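Notes follow the structure.
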Amino acid sequence: MRVGIVGVQGAVSEHEEMVRALGHKPVWITRPGALDDISALIMPGGESTTISRLLESTGLFAKIREKGAGGMPIFGTCAGMVLLAKKGGAQVRKTQQKLLGLMDMEVSRNAFGRQRESFEASLDIEGVGNRFPCIFIRAPAVMGTWGGCRPLARFGKAIVAAEQGNLLATSFHPELSGDMRIHEYFLAKA
Amino acid sequence: MAERKLLFGTKRLKEGFAKMQKGGVIMDVVNAKQARVAERAGAVAVMALHAVPADIRASGGVARMADPKRIMDIIGAVTIPVMAKCRIGHFAEAMVLQEIGVDMIDESEVLTPADEEFHIDKKKFTIPFVCGARNLGEALRRIDEGAAMMRTKGEPGTGNVVEAVRHMRRMNSELGALAVGGKGELAQKAGEYRVPLKLVLETKRLGRLPVVNFAAGGIATPADAALMMLLGADGIFVGSGIFKSSTPEKYAKAIVEAARNFDDPKALLRASAGLGGAMRGDEISKLTLRMQDRSA
């Protein structure tokens, strides 16, 4: 199966290695046309302000939204989670960042603080498994969900993994953890 | 579900932060206004300084960590990561920067070195460090000290990309030599580089530096940024190139586009056209101060 990874900025090669290790073919997505040729899409972590700007200038923004709404499985990690959300918190508004608006959730960027406050924690993820090594780097969090969006994992009050049909989002970085269970769970959607 | 033990400042968190910067452009800024210009243009982070390298070069004297108040103003102005520079070996400046809450410290040859023998023991800090290097040995020594990210030194503040190219090419050719080196040669290299053999073996296995490696030092145009990406850089630092150009907003946006589309001639052409004057720049042979030679 061909699995696309949005390749405009951020931790792209780390997802690529996970996809390859699971026996699939990773494809860097930098042009809208490439989206017609894949079975699932991963939106990696990076700087969400930068990524959303580059998604617009490359024409990927509208096409990803169309594919996501049409049922293509999309998995967003960290910045990718921010972009999937319908609503953003104060930092999203401040930077007038455009969101894809595919998942019924409100995200807050840098919800746990700055890099000094970045942390690792072992969490249980519904449907995926227990004691998952979660790596939070200046991570966002979901402050609330509605409609079809379902929380899968929490850290304190914050929702750090969520799912809505074909769409999956995590605050943390499974691609840095060496644990492939979330990627496996996601690719089963395709 | 109750949280179990939390970990802060691990190698994985530090190097992971650097990985999130890949493919991006980090811009030097001296105040909140410039930081907002950089963020709007799509910078992945800003580097907070009291003056850009070209001005540091011109003004002379001892260059130190920026006033914490200035750095805090910049932190307050943007949502993207804020980095700041400390002097080589000046771990007290680094302590101050960590206390402020900057996201990464650049132990930088752009500032006047505080210690000619020792670099900072970077493993002792919770926040990650980036350091400059001219060759593989320097890079591996810094990584061994705990640097989570590397960059070429280039020659800062010159707007002249030739030294960054030299450093990136040298690194690539030394990595190539490791790839074909036998066991005896690798042990010899570890001795020559003054690093553990384990780190040399890991580098050989990866076929690249074990941490993210950006280009820095003299990048002034979109084509400069593309050139460095084509030579294998993971991303770009632009120091004086943006705010010493005649049109900083345009240059900032164009360099971000060029770092993304470095292998697409049409996109590079679009990014390069009609920008107005780039920073003036210096011939390397005319310099009185070579910042890159300040440490090894």
Side-chain angles (χ1 to χ4, degrees), chain A residues 7-14 30-31 44-54 56-58 77-79 90-97 109-110 113-126 130-131 133-139 153-156 172-173 175-178, chain B residues 1-10 12-26 36 39-45 75 77-83 97-105 125-128 148 208 212 234-235 253 256-257 259-261 263-264 267 270-271:
Chain A
V8 297
Q9 192 272 315
V12 186
S13 62
E14 289 73 13
T30 56
R31 310 268 180 280
E47 273 311 308
S48 64
T49 49
T50 306
I51 294 175
S52 84
R53 213 146 257 130
L54 289 170
E56 285 196 70
S57 68
T58 51
T77 55
C78 195
Q91 288 203 9
V92 172
R93 287 195 295 275
K94 184 178 168 187
T95 55
Q96 297 171 344
Q97 196 179 345
R109 278 181 62 206
N110 302 322
R114 310 187 65 81
Q115 176 60 18
R116 195 174 51 191
E117 286 80 46
S118 290
F119 64 99
E120 297 188 27
S122 170
L123 301 177
D124 298 346
I125 305 165
E126 198 187 319
N130 291 340
R131 293 180 172 268
C134 300
I135 301 167
F136 294 87
I137 297 175
R138 286 176 49 98
R154 289 175 197 272
F155 177 81
F172 50 89
H173 293 282
E175 77 283 7
L176 300 180
S177 70
Chain B
M1 191 61 230
E3 299 89 55
R4 302 174 184 99
K5 200 175 81 177
L6 297 190
L7 300 171
F8 295 91
T10 63
R12 205 150 63 160
L13 287 166
K14 290 174 175 176
E15 292 178 4
F17 170 79
K19 286 175 180 170
M20 298 309 142
Q21 303 278 304
K22 284 192 297 181
V25 181
I26 300 167
R36 280 191 288 265
E39 181 175 56
R40 270 201 301 276
V44 287
I75 286 177
V78 292
T79 65
I80 57 177
V82 176
M83 306 180 177
L97 294 176
Q98 174 159 286
E99 193 56 33
I100 293 170
V102 304
D103 296 290
M104 183 172 245
I105 296 174
F125 288 79
T126 308
I127 55 172
R208 53 155 296 145
V212 167
D234 291 318
K253 278 196 184 112
V256 169
E257 287 295 330
R260 158 78 292 281
N261 296 300
D263 55 354
D264 177 346
R270 274 197 306 276

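Note that these values count all heavy atoms, side chains included, but never hydrogens, waters or copies made by symmetry. Note on naming: letters A, B, ... go to the chains in the order of the sequence lines (proteins, then strands), and numbering restarts at 1 for each one. Not measured: the values here are computed from a predicted model.
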Chain B: which of A:Ser48, A:Ser118, A:Gly45, A:Ser177 shares the most heavy-atom pairs with it under 4.5 Å? A:Ser118
So, the part of A:Leu54 with a heavy atom under 4.5 Å from chain B: the answer is side chain
Side chains of B:Val82 and A:Arg114 in contact at under 4.5 Å (non-hydrogen atoms): yes
Only pairs of heavy atoms separated by less than 4.5 Å count here; which of A:Thr30, A:Thr50, A:Asn110 has the most with chain B? A:Thr50
Greatest number of heavy atom pairs closer than 4.5 Å to chain B - which of A:Pro44, A:Cys78, A:Cys134, A:Gly46: A:Gly46
Can you tell me how far the CD atom of B:Gln98 sits from the CD atom of A:Gln115, to the nearest 0.5 Å? 10.5 Å
If you count heavy-atom pairs under 4.5 Å between each of A:Arg53, A:Glu47, A:Glu120 and chain B, which one has the most? A:Glu120
Among B:Ala43, B:Gly42, B:Ala45, B:Pro81, the residue with the most heavy-atom pairs under 4.5 Å to chain A is B:Pro81
Which atom pair, heavy atoms only, marks the closest approach of A:Ile135 to B:Arg12? CD1-NE, 3.5 Å
Which atom names give the shortest non-hydrogen contact between A:Phe155 and B:Leu6, and what distance separates them? CE1-CD2, 3.7 Å
B:Lys14 portion near chain A, given a 4.5 angstrom heavy-atom threshold: backbone
Spacing of CZ belonging to A:Arg116 relative to CD belonging to B:Glu99, to within rounding of 0.5 Å: 6.0 Å
Measure distances from B:Ala18 to the heavy atoms of chain A and classify the residue's part below 4.5 Å as side chain, backbone, both or neither. neither
With sequence neighbours left out, the residues meeting side-chain contact (heavy atoms from CB on, under 4.5 Å) with B:Lys22 are A:Ser13, A:Glu14, B:Lys19, B:Val212, B:Asp234
Test side chain to side chain contact (heavy atoms under 4.5 Å, CB included) applied to A:Thr49 and B:Ile80, B:Val44, B:Val78, the passing residue: B:Ile80
Euclidean distance, A:Ile137 CD1 relative to B:Asp103 CG, rounded to 0.5 Å: 11.5 Å
Say you draw a straight line from CZ of A:Phe136 to CG of B:Leu13; how long is it, rounded to the nearest 0.5 Å? 10.5 Å
Going by salt bridge (Lys or Arg N to Asp or Glu O under 4.0 Å), name the residues that satisfy it together with B:Asp264, two or more places apart in sequence or in a different chain. A:Arg31
Distance check, rounded to the nearest 0.5 Å: B:Met20 atom CE versus A:Gln9 atom CD? 9.5 Å
Pick from A:Glu175, A:Gln97, A:Arg138, A:His173 with the largest number of heavy-atom pairs that fall under 4.5 Å of chain B: A:Arg138
Portion of B:Ala41 that has a non-hydrogen atom of chain A nearer than 4.5 angstrom: backbone
About how many Å separate NZ of A:Lys94 and OG1 of B:Thr79, when rounded to the nearest 0.5 Å? 6.5 Å
Count the heavy-atom pairs under 4.5 Å between each of B:Gly9, B:Gly16, B:Gly101 and chain A, then report the option with the highest count. B:Gly101
